Amino acid sequence: MSNAILVEELQKRFGSNTALAGVDLAVPEGSVLGLLGPNGAGKTTVVRILTTLLQPDAGRAEVAGIDVLREPDRVRSLIGLTGQYAAVDEYLTGFENLEMVGRLYRLGKRESRERAGELLERFDLADAANRPAKTYSGGMRRRLDIAASLIARPRVLFLDEPTTGLDPRSRLGMWEFIADLAGGGTTILLTTQYLEEADRLADGMVVIDRGRVIARGTADELKAQVGGQRLEFAVTDAGALPAMVELLRPLAVDEPHVDEQARRLSIPVSGGAEVLAEALRRLDGHTADIFDVGLRRPDLDDVFLALTGHAAEDDPAAADKTPAEPVPVGGTR
Ligand SMILES: Nc1ncnc2c1ncn2[C@@H]1O[C@H](COP(=O)(O)OP(=O)(O)OP(=O)(O)O)[C@@H](O)[C@H]1O
Ligand SMILES: [Mg+2]
């Protein structure tokens, strides 16, 4: 299978700030890549380079086999982009916004209008089609933005945090829609802060931090890197914890973790429900102290925390970070 996106040794600096320090990516045709990383990791910078909005300092990038630096116009005709910040024209209606994008992609007037109608329907915006976009809610703008990136039926689609700001129901709808597109053969590169989103949609994942790839693989491979499952107990009296640890130590495959303040105990184990049953047998005299117990597998949030040292949506540096200036299509070339 050939790669719809290929990136080699991509580097980019902004002044003294290194945004990308040599990133490699390969996205097989028809697959979905989840590009994950904390705030400031370099995700948007990768997307902007691949969509010809920004030039790298070094390295190479191809989309659909075409070099993004040598033939940006050809690349642009084959891709769709939904940027991190909505790019709808406030004064045009939803319909006019989509029609305009169709014309920018050189679809004829009739086809632009047909596509606009179809997509407004598909994204639940038909009722608002003739209202100016400035009257749309945040979620409606986001949907309009994504609809616009699909007008010309792109072969390769870039979605930079496509569901940020959507309510849970709209997010589920968007996930279904992205999965449909992927099922239809569109190659998708998606950045996200929601690890559940990557878990649901992405075939492969690449985690970047400070402009470098720190992990790659399928969700299962990444979870396996972080370790297996754990037995977790919450107790009413922290005094019971040391005795519990000693009783359960024979079941542990790694050092138990005791949090006295939270009155919690976490024990790395292998095996399924039988290990839980065995643990409860061993704790016979202590069950009165236990108010919660469970067998937990690592999720992507655990992976993220283990890899980057902080949770996906919990970055203190994000608060004082000003967003990168939005660049109009073709603006930097
Ligand atoms: N136009 C710019 N001028 C100066 N610095 C920039 C510019 N664009 C990005 N940067 C810097 O490059 C680094 C990577 O930024 P980027 O926007 O790619 O991160 P990101 O992974 O998309 O983060 P987020 O999750 O917050 O969207 C950051 O340190 C950022 O401040
Ligand atoms: Mg970003």
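Order of listing sets the numbers, starting from 1, for every ligand and every atom in it. Since the structure is predicted, the reported quantities are computational estimates derived from the model, not experimental observations.
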Residue of the set Glu111, Lys109, Arg113 for which side-chain contact (heavy atoms from CB on, under 4.5 Å) holds with Arg103
Lys109
I'd like to know if Glu161 contacts ligand 1, where contact means a heavy-atom distance under 4.0 Å to any ligand atom.
yes
Near Thr44, which atoms of ligand 1 are under 4.0 Å from a heavy atom of that residue?
17 (O), 18 (O), 20 (P), 22 (O), 27 (O)
Sub-4.0 Å atoms of ligand 1 with respect to non-hydrogen atoms of Thr45:
14 (C), 15 (O), 16 (P), 18 (O)
If hydrogens are left out, which of Leu20, Thr192, Leu36, Asn39 has an atom nearest to atom 24 (P) of ligand 1, that is, the closest non-hydrogen atom?
Asn39
Can you find an N/O atom of Ala41 closer than 3.5 Å to an N/O atom of ligand 1?
yes
Are the side chain of Arg115 and the backbone of Leu150 linked by a donor-acceptor contact shorter than 3.5 Å?
yes
Please could you name the atoms of ligand 1 that Asn17 approaches to less than 4.0 Å, counting only its heavy atoms?
11 (C), 29 (O), 31 (O)
Check whether any side-chain N or O of Thr218 sits under 3.5 Å from a backbone N or O of Glu221 as a donor-acceptor pair, and report yes or no.
yes
Is Glu255 salt-bridged to Arg249, going by a charged N under 4.0 Å from an acidic O?
yes
State, without any angle test, whether Ser112 and Glu99 hold a side-chain donor-acceptor pair at a distance under 3.5 Å.
no
If we ignore angles and hydrogens, is there a donor and acceptor under 3.5 Å between the side chains of Thr191 and Asp160?
yes
Indicate yes or no: does an N/O atom of Gly42 lie under 3.5 Å from an N/O atom of ligand 1?
yes
What about Gly40: any of its N or O atoms under 3.5 Å from an N or O on ligand 1?
yes
Is the Mg ion (ligand 2) less than 2.8 Å from at least one N/O/S atom of Thr191?
no
Numbering as shown, the atoms of ligand 1 that approach Gln193 to under 4.0 Å (heavy-atom distance):
25 (O)
Listed partners of Tyr105 passing ring pair (Phe, Tyr, Trp, His ring centres under 6.0 Å), at least two apart:
none
